[in-house]
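Below is one structure; the comments refer to it alone.
Here the structure is a predicted model, which means the values were calculated and not measured. Indexing begins at 1, ligand by ligand and atom by atom, following the structure's order.
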Amino acid sequence: MRLKLLAGLLLTGGLLQPSPGALADTGQWLQSECGSCHALEQPDYPALGHAERLTRKGPPLYYAGNKFHAGWLESWLQDPVRIRPAGVFPPGAVVPSEEGDLIDPANLEEHLVLDANQAKKAADYLMALRPHDELIAATSYEPGSVARRMGELNFTKFNGCDACHSDGPGYGGLSGPELYTAWQRLQPGFIASFIADPAAWDPHTLMPKTGLNDSAVERLANYLKLIGEEAP
Ligand code: HEC
Ligand code: HEC
């Protein structure tokens, strides 16, 4: 261990940069701690087919650097609060009832917690994973504002996003990630790109293709900005 560290330091010639050896170590550590639930490399989707989605235990992380805000990632790993009210595979956690679908928390696990050091190392590594720079570059989204009433109508009546997503605590659907915190978690370019074409990011996503044009995507992203800036 010590020898490896020394060799790493000699190779990069400094203490400040993570050495290639240290990065490889972090990669191995994440693979063993997280790899059973999260894809850290792009899966061979065509070969795996839809079984990949059914057996997925956590959201894919191999494009983390295109998706998350680095600061959010580092702090969430130390204090993981639930993002998907029904987990990663909602049909597994939802119990139908006469009042509609209920979530059985017994079917949801708590996320593992990292200490500050580990979270920093993990976040640095994950933020360097950016295989989809081209999708981000293809969006022309510039964050702006939208009137609340218009934003809300777009999210609910006109586009039905609320069937699966909540735009406030206790409002909206439960099968998708909560979206009133999306602006705090996610990069604006990712939000716009994912709304425009979810399958470009995740060929096995459960989110249907929206077919929305650029200005409709912008209005929805601006609504997530509006509610995200107010979220606790
Ligand atoms: C037992 C399975 C499991 C393991 C092991 C695990 N995770 Fe997770 N992880 C999950 C699940 C399930 C979620 C979804 C939580 C939610 O949405 O509330 C998640 C969510 C996340 C998220 C948020 C992703 C997103 O797209 O919203 C990050 C980041 C994350 N995990 C990082 C890690 C890291 C780093 C490790 C290893 C140190 C790890 N996880 C280990 C199951 C796991
Ligand atoms: C049929 C359910 C469904 C509908 C309708 C839907 N989504 Fe989604 N959405 C999902 C799911 C599920 C995910 C997470 C990816 C997955 O698990 O496949 C997601 C992911 C997202 C994400 C990325 C969030 C993250 O944390 O990873 C955004 C942004 C988003 N949806 C916005 C929207 C908007 C805006 C609309 C309305 C135009 C919409 N969605 C309609 C199910 C839905």
Side-chain angles (χ1 to χ4, degrees), residues 26-27 29-40 52-53 56-70 72-78 80-93 103 107-115 118-127 129 151 154-167 172-199 201-212 216-225 227-228:
T26 304
W29 165 62
L30 291 178
Q31 192 53 52
S32 69
E33 285 288 311
C34 329
S36 57
C37 299
H38 293 287
L40 295 163
E52 184 278 329
R53 189 60 181 84
R56 200 185 284 180
K57 294 203 190 104
L61 291 180
Y62 65 89
Y63 52 78
N66 290 127
K67 174 169 182 178
F68 302 112
H69 290 300
W72 174 85
L73 182 56
E74 194 179 331
S75 46
W76 188 85
L77 290 170
Q78 298 169 66
V81 289
R82 198 166 298 292
I83 301 164
R84 293 162 187 75
V88 147
F89 191 65
I103 291 164
N107 294 334
L108 295 173
E109 285 176 38
E110 297 294 317
H111 199 268
L112 65 77
V113 177
L114 299 184
D115 69 27
Q118 293 170 323
K120 167 92 177 91
K121 267 207 305 193
D124 283 351
Y125 182 91
L126 292 171
M127 288 308 294
L129 305 178
N154 276 314
F155 191 82
T156 55
K157 282 221 163 55
F158 302 152
N159 294 299
C161 313
D162 63 330
C164 305
H165 294 288
S166 57
D167 59 344
L174 299 176
S175 60
E178 64 181 29
L179 289 186
Y180 56 98
T181 55
W183 197 259
Q184 300 172 357
R185 294 185 282 115
L186 311 174
Q187 296 172 27
F190 172 82
I191 290 178
S193 175
F194 196 94
I195 295 173
D197 188 1
W201 289 90
D202 179 351
H204 296 158
T205 183
L206 300 178
M207 174 154 153
K209 193 171 173 59
T210 61
L212 294 169
V217 169
E218 271 163 38
R219 282 196 294 272
L220 285 164
N222 286 340
Y223 179 59
L224 299 187
K225 175 173 186 286
I227 59 179

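Applying the side-chain contact (heavy atoms from CB on, under 4.5 Å) test between L73 and each of K67, K120, M127, R185 identifies M127 as the sole match.
At a 4.0 Å heavy-atom cut-off, ligand 2 does not touch I83 at all. Residue contacts with ligand 2, taken as heavy atom pairs separated by less than 4.0 Å, involve C161 via backbone and side-chain atoms alike. If you look at R82 next to ligand 1, the close heavy atoms, those under 4.0 Å, come from the backbone and the side chain alike. For H165, every heavy-atom contact with ligand 2 shorter than 4.0 Å involves the side chain, none the backbone. At a heavy-atom distance under 4.0 Å, atoms from both the backbone and the side chain of C34 approach ligand 1. In P59, neither the side chain nor the backbone holds a heavy atom less than 4.0 Å from any atom of ligand 2. Only the side chain of I195 comes within 4.0 Å of ligand 2, counting heavy atoms alone; its backbone N, CA, C and O stay farther away. The proximity of V88 to ligand 2, defined as any non-hydrogen pair under 4.0 Å, does not occur for either the backbone or the side chain.
Taking any N or O of W72, backbone or side chain, none lies under 3.5 Å from an N or O belonging to ligand 1. Ligand 2 has an N or O atom lying under 3.5 Å from an N or O atom of L206, backbone or side chain. At least one N or O atom of K67 sits closer than 3.5 Å to an N or O atom of ligand 1. Residue contacts with ligand 2: T210 is placed with no nitrogen or oxygen under 3.5 Å of a nitrogen or oxygen of the ligand (distance criterion only).
Here the heavy atom of the protein found nearest to atom 15 (C) of ligand 2 is T205 OG1, 3.6 Å. Scanning the protein heavy atoms around atom 17 (O) of ligand 1, the nearest turns out to be R84 NH1, 2.7 Å. Regarding atom 4 (C) of ligand 2, its nearest protein heavy-atom neighbour is C164 SG, 3.3 Å. The protein heavy-atom contact nearest to atom 5 (C) of ligand 1 is E33 O, 3.3 Å. Scanning the protein heavy atoms around atom 12 (C) of ligand 1, the nearest turns out to be K57 O, 3.2 Å. Ranking protein heavy atoms by distance to atom 33 (C) of ligand 2, first place goes to M207 CE, 3.3 Å. For atom 32 (C) of ligand 2, the nearest protein heavy atom (residue, atom name, distance) is L179 CD1, 3.5 Å. Among all non-hydrogen protein atoms, the one lying nearest atom 11 (C) of ligand 2 is P177 CD, 3.8 Å. In terms of protein heavy atoms, atom 23 (C) of ligand 2 is closest to F194 CD2, 3.8 Å. Protein heavy atom closest to atom 20 (C) of ligand 1, with residue, atom name and distance, is W76 CH2, 3.5 Å.
The shortest separation from a heavy atom of H204 to ligand 2 is not under 4.0 Å, leaving the residue out of contact. Taking a 4.0 Å cut-off on heavy atoms, P208 registers as neighbouring ligand 2. Heavy atoms of F68 approach ligand 1 to within less than 4.0 angstrom.
Atom numbering of ligand 2 starts at 1 in the shown order; those under 4.0 Å from a heavy atom of R185 are 25 (C), 26 (O). Of all atoms in ligand 1, numbered sequentially from 1 with element shown, those under 4.0 Å from a heavy atom of L73 are 29 (C). Remark: ligand 2 atoms within the under-4.0 Å shell around heavy atoms of G160 are 5 (C).
Considering every non-hydrogen atom in both R84 and V88, the closest pair reads CD-CG2, 4.1 Å. A pairwise comparison of heavy atoms in A122 and L77 identifies CB-CD1, 3.9 Å as the closest pair. W183 and L224 get closest at one heavy-atom pair: CB-O, 3.6 Å. When all heavy atoms of Q31 and L40 are compared, the closest pair comes out as OE1-CD1, 3.4 Å.
In this structure, E110 contributes its side chain and P80 its backbone to no donor-acceptor pair below 3.5 Å. Checked by atom type and distance alone, the side chain of H69 pairs as donor or acceptor with a backbone atom of L186 at under 3.5 Å. A donor-acceptor pair is defined here as one N or O able to donate and one able to accept, closer than 3.5 Å; such a pair exists between the side chain of H165 and the backbone of P177. Under a 3.5 Å cut-off, the side chain of E178 and the backbone N or O of P85 do not form any donor-acceptor pair. No donor-acceptor pair under 3.5 Å is formed between the side chain of Q184 and the backbone N or O of T181. For the pair T210 (side chain) and I195 (backbone), a donor-acceptor distance under 3.5 Å is present. At least one donor-acceptor pair closer than 3.5 Å links the side chain of N159 to the backbone N or O of N154. With H38 contributing its side chain and P59 its backbone, the two residues share a donor-acceptor pair below 3.5 Å.
Backbone or side-chain N, O or S atoms of H38 reach atom 8 (Fe) of ligand 1 at under 2.8 Å. Residue side and main chain included, H111 places an N/O/S atom under 2.8 Å of atom 8 (Fe) of ligand 1.
The side-chain heavy atoms of D167 and L179, taken from C-beta on, include no pair separated by under 4.5 Å. When side chains are defined from C-beta on, Y125 counts as touching L129, because their heavy atoms get closer than 4.5 Å. Looking only at side-chain heavy atoms (C-beta outward), E33 and Q118 stay at 4.5 Å or farther from each other.
Of the candidates A182, C37, G35, C37 brings a heavy atom nearest to atom 2 (C) of ligand 1. Proximity annotation for atom 24 (C) of ligand 2: of D162, L186, L212, D202, L186 comes nearest, heavy atoms only.
Under the 30°/60° scheme for interplanar angles, the aromatic rings of F190 and F194 are found to be tilted. Between Y223 and F155, the ring planes lie tilted relative to each other; the angle falls in the 30° to 60° range.
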